[in-house]
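The structure appears right after this line, and notes come after that.
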Amino acid sequence: MAAARRRADRARQVADLLRRQIVHRHFARGPLPPEAALAHEFGASRNTVREALRLLREEGLVERCPGVGTTVAAEKYPHGLHRLLGLAETLHEHGEVTNQVRTMTLIEPPAAVSHRLGLAPGEPVVYLERLRRLNGLPLSLDLTYLVRDVGEPLFDADLEHNDIFVLLERIAGQPLGVAELTLEAVNADPHTAAVLDAPRAAALLMVERLAHLADGRPVDLEFIRFRGDRLTMRGHLSRIAEEDR
């Protein structure tokens with residue numbers, strides 16, 4: 001029993017290292033090295049390597065191909081956390097981002113939304129729901145609440161081919177400043193899974209983001225559900241506080 005647990009622990013360690021290599025395109029979309037080579041590289045048994053590959057196969061990252069071996073099955077695209085950018089700005093090197101507007105309307109928001117946007121109770125906002133695709137593949141479902149003066153001009157904008165951030169800056173006449181961000185893992189509800197063409201209860205990356213203009217005013221509250229098998233979050237962190245630099 002203890003030996004089995006040790007092998008399972010070691011398999012997770014190997015899977016973590018292989019996952020990073022796959023995400024960073026170390027193997028492109030080609031085959032991984034043979035099990036014997038991987039076992040030598042990671043100092044693990046072949047059984048441990050097989051278990052690690054099984055874990056990655058269950059994640060949808062690799063697949064077994066008879067006569068070929070284990071190959072990369074899907075790409076994960078990097079989304080940086082160190083700058084406030086729209087999705088097309090972030091992923092421009094990886095293909096074309098398009099947006100399908102599913103809903104766009106003026107609503108009286110819930111009190112929690114009004115509070116986050118600094119609005120008086122009952123003050124209308126623009127509500128926008130978009131399905132966002134990268135190279136034609138569903139990537140995220142975005143639910144957005146926008147303050148009225150910058151949101152209403154978007155009714156006449158080309159939302160299919162533009163990031164909202166770029167349009168907001170044009171409308172507001174000033175750049176965006178900072179954003180508050182929360183990132184967590186959630187399981188896809190049946191409706192979201194259908195929209196994203198993902199398995200029911202699939203793992204999603206859930207981002208809640210409140211963006212402010214440069215003058216500090218909050219204008220854009222978003223709830224974004226990313227397909228966890230198609231996107232990875234990256235960032236650079238410093239232990240040195242700003243005031244110590």
So, taking the atom named [atom1] in [X] and the one named [atom2] in [Y], what distance separates them when rounded to the nearest 0.5 Å?
X	Y	atom1	atom2	result
Arg227	Ser140	CZ	OG	11.5 Å
Arg12	Arg19	CZ	CZ	11.0 Å
Glu222	Glu208	CD	CD	10.5 Å
Thr71	Leu61	OG1	CG	11.5 Å
Thr105	Phe155	OG1	CZ	6.0 Å
Arg209	Leu221	CZ	CG	10.5 Å

If you define the side chain from C-beta out and look only at heavy atoms, does anything of [X] sit under 4.5 Å from [Y]?
X	Y	value
Val14	Glu41	no
Thr48	Glu51	no
Val72	Arg25	no
Phe42	Gln13	no
Pro109	Ser114	yes
Arg234	Val23	yes
Leu56	Thr70	no

Give the cluster check for [X] versus [Y]: same hydrophobic cluster or not, with ILVMFWY residues linked at side-chain heavy-atom distances below 4.5 Å.
X	Y	result
Leu183	Leu143	no
Met206	Ile224	no
Leu181	Leu176	no
Leu131	Met104	yes
Leu139	Leu141	no

[X] side chain vs [Y] backbone, donor-acceptor pair below 3.5 Å:
X	Y	result
Asp220	Ala211	no
Gln174	Asp215	yes
Asn99	Leu159	yes
His92	Glu89	yes

Scan the side chains in residues 190-197 for donor-acceptor partners under 3.5 Å anywhere in the protein, sequence neighbours excluded, and list what turns up.
{"unit_1": "Thr192", "atom_1": "OG1", "unit_2": "Asp189", "atom_2": "OD1", "d": "3.2"}
{"unit_1": "Thr192", "atom_1": "OG1", "unit_2": "Asp189", "atom_2": "OD2", "d": "2.7"}

Would Asp9 and Arg6 satisfy salt bridge (Lys or Arg N to Asp or Glu O under 4.0 Å), going step by step from the backbone distance to the final call? CA-CA 5 Å; Asp9 290 343; Arg6 284 196 299 271; over 6 Å; no
Exceeds 12 heavy-atom contacts within 6.0 angstrom, atom [atom1] of [X]:
X	atom1	result
His94	NE2	yes
Arg57	CZ	yes
Arg64	CZ	yes

Side chain to side chain contact (heavy atoms under 4.5 Å, CB included) between Arg230 and Leu134: does it pass, once the steps are laid out? CA-CA 10 Å; Arg230 291 183 177 160; Leu134 178 62; over 6 Å; no
Show the numbers, then the answer: is there a side chain to side chain contact (heavy atoms under 4.5 Å, CB included) between Phe27 and Ile22? CA-CA 6 Å; Phe27 308 111; Ile22 292 169; 4.0 Å; yes
Can you name the closest pair of heavy atoms from [X] and [Y] and give their distance?
X	Y	result
Asp229	Glu59	CB-O, 4.2 Å
Val49	Ala44	CG2-CB, 4.5 Å
Leu146	Val125	O-CB, 3.3 Å
Arg217	Val150	NH2-CG1, 4.2 Å
Leu167	Ala157	CD1-CB, 4.0 Å
Val207	Phe226	CG2-CE1, 3.8 Å

Aromatic plane relationship, His236 with His82 - under 30° parallel, 30 to 60° tilted, over 60° perpendicular: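 Ring orientation of His82 relative to His236: perpendicular.
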Are Glu96 and His161 close enough, and set up right, to give a side chain to side chain contact (heavy atoms under 4.5 Å, CB included), and what steps lead you there? CA-CA 9 Å; Glu96 182 185 15; His161 299 102; 4.2 Å; yes
With sequence neighbours left out, what residues match His212 under side chain to side chain donor-acceptor pair (under 3.5 Å)?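 Only Glu180 meet the side chain to side chain donor-acceptor pair (under 3.5 Å) criterion with His212.
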Residue that, paired with Leu154, satisfies side-chain contact (heavy atoms from CB on, under 4.5 Å) out of Leu168, Asn162, Val126: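 Of the listed options, the one satisfying the test is Leu168.
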So Leu87 and Asp142, side chain to side chain contact (heavy atoms under 4.5 Å, CB included) or not? Walk me through it. CA-CA 11 Å; Leu87 192 64; Asp142 297 16; 5.6 Å; no
Look at Arg50 together with Glu35 and state whether they make a salt bridge at an N to O cut-off of under 4.0 Å.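 Yes, this pair counts.
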